[in-house]
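Structure first, then comments.
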Amino acid sequence: MRPVYLDANATTPVDPDVLATMLPFFTEHFGNPSSPHGFGAVVAAAVKRARGQLQSLLGAESDQEIIFTSGGTESDTTAILSALATQEGRNELIVSAVEHPAVLALAQDLAKRAGVVVHVIPVDGRGRLDIDAYEKVLGRQTALVSIMWANNETGTIFPVERLAAMAHEAGALFHTDAVQAVGKIAMDLQSGAIDMLSLSGHKLHGPKGIGALYVRRGVPFQPLIRGGRQERGRRSGTENVPAIVGLGKAAELAAFHLYDEQTRVRELRDHLEAGVLAAIDKCIVTGDVDNRLPNTSNIAFDGVEGEAIVHLLSRDGVAVSSGSACSSGGMDASHVIRAMRLPFTAAHGAVRFSLSRDNEKADVDRLIEIFPDIIEELRAVSPFWRKARQPAKPQERLYA
C-alpha cells in the first residue's frame, strides 16, 4: 500500500508543475534580477510575474504590496517589529493565546524588554477568540494587533476582517499570520482592513524557504534586513529566484484548486471524522467545528498519548501530527490545546489530521480501517485510560 500522508498543515509536497517552473531558473535563466543586461531582465520579469500571481491569489490592490521573504517566520517577525518601530507613541502588542510560535515566541521576548507591553487574548473551549477581552485592551497605546487567520492545529478560523476594523478604530495596525489559510480560503485584501499578512510557500505545494509579506499600500514600514535595494529596499539580499518563481506558480495553482479544497477535500475530512467517531468511543473533535479550515480535523482521544498514536500510525504507513509536544521529563499538551482548557485525559491525546488536494478517499479509508485497533492497543496499556474511565468532575465532562 502507498504511504498515506495526512499532515499537510506541517508541509505539502511540491506540485510537479511548480518544480517544472522552477528548474530553468537554476540553469539557463541564472541571471541576477538586479542586473541591467538581458540575463537579468529575463529573471526580473519572472519575479514580477510571481509577484502578480500572489497579488491575484490574495486579492491585493498592487503587486508592489508583496515582499518576498524566507518564509512565514521572517514575515511575522518583520511585520511585528516594523509596526512597533513605526507607530510613534504606541508600545503595545496584542496577540492571541493560540498563535503560532513564530508570533508567540517573539511576543514573549518583546514582553521582557523595557517599554513593550504584550496582551495575550484568551480563547474559549472551541478555540474562538474572546472578543470582549480583545476590545478591552485595544486603545491609544496599541501599535499592532497580530491575530492568525486560521489556527494551525484545530483549523479554527478567526474573524480577522472584523478584528482589523476594530484595531483601526483604535488607531492601530493589524497583521495576520495567514500561513495556514492562504490557498484554502478565498481572500480579497483590497476591500478589507488588513494591513499586513504573512504566508509561506511550502504550505500550498510550493518550495520550502520562501514566503511573502503583504503590506498594504501606505502602511508605514521598516525593513528587518537591510543592505541592497532588493524588494524596493524593503528586504535586502539577492532574491531566491527559483523559489520565488515556484511560489508564484504555487499561488496560481492554489487559486485554480480553491474550489476543490473547499468541496472535495472538505468532504474527505468529514468522511474521516465520521468514520473515526463511529469506530472509536471517548473522542471529540476540537476547535470550532462550524467555522474552520476545510482540510483540518483535530480529534482528542481520551486515555492515550497523542505522540504514541502518531508513532503507531507511522509504523503502519500513515502520517499525522500530534497535538502534544515532547518535553524533558514527560509529555505536555500543546499550548493551543491548553488554551482551550480540554480535560487532562483528552488533551494529551489530541491528534491533527490535515489533508490536501493530493489525498483520495482510499487514504481516509485506510486510516479508518487501522485506527480503531491502534487506539485499543494503546488504551490496553495506558494508565491515562484508567483515569479517563473514572467519573469526571462536572467541569471535565466532555461527553454529556
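Worth saying up front: this structure is predicted, and the values here are computed from it rather than measured. All residue numbers in this chain count up from 1 along the given sequence.
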- Message: Using a 6.0 Å cut-off, check whether atom CZ of R315 has over 12 heavy atoms from anything other than its own residue.
- Response: yes
- Counting only heavy atoms not in Q222, do more than 12 sit closer than 6.0 Å to its CD atom? yes
Can a donor-acceptor pair be found between the side chains of [X] and [Y] at a distance below 3.5 Å?
X    : Y    : value
Q53  : E252 : yes
D195 : H168 : yes
T296 : N9   : yes
N151 : T156 : no
S96  : E99  : yes

- Message: Is the distance between the ring centroids of F158 and Y134 under 6.0 Å?
- Response: no
- Query: Between R113 and D109, is there a salt bridge with N-O shorter than 4.0 Å?
  - Reply: yes
- Are any of the side-chain nitrogens in R379 or D302 under 4.0 Å away from the carboxylate oxygens of its partner? no
- Message: If I take atom CD from residue E307 and atom CG from residue L312, how far apart are they, to the nearest 0.5 angstrom?
- Response: 11.5 Å
- About how many Å separate CE of M22 and NZ of K249, when rounded to the nearest 0.5 Å? 13.5 Å
- Message: So which atom in T176 and which in F174 form the shortest heavy-atom distance, rounded to 0.1 Å?
- Response: CB-CE2, 4.0 Å
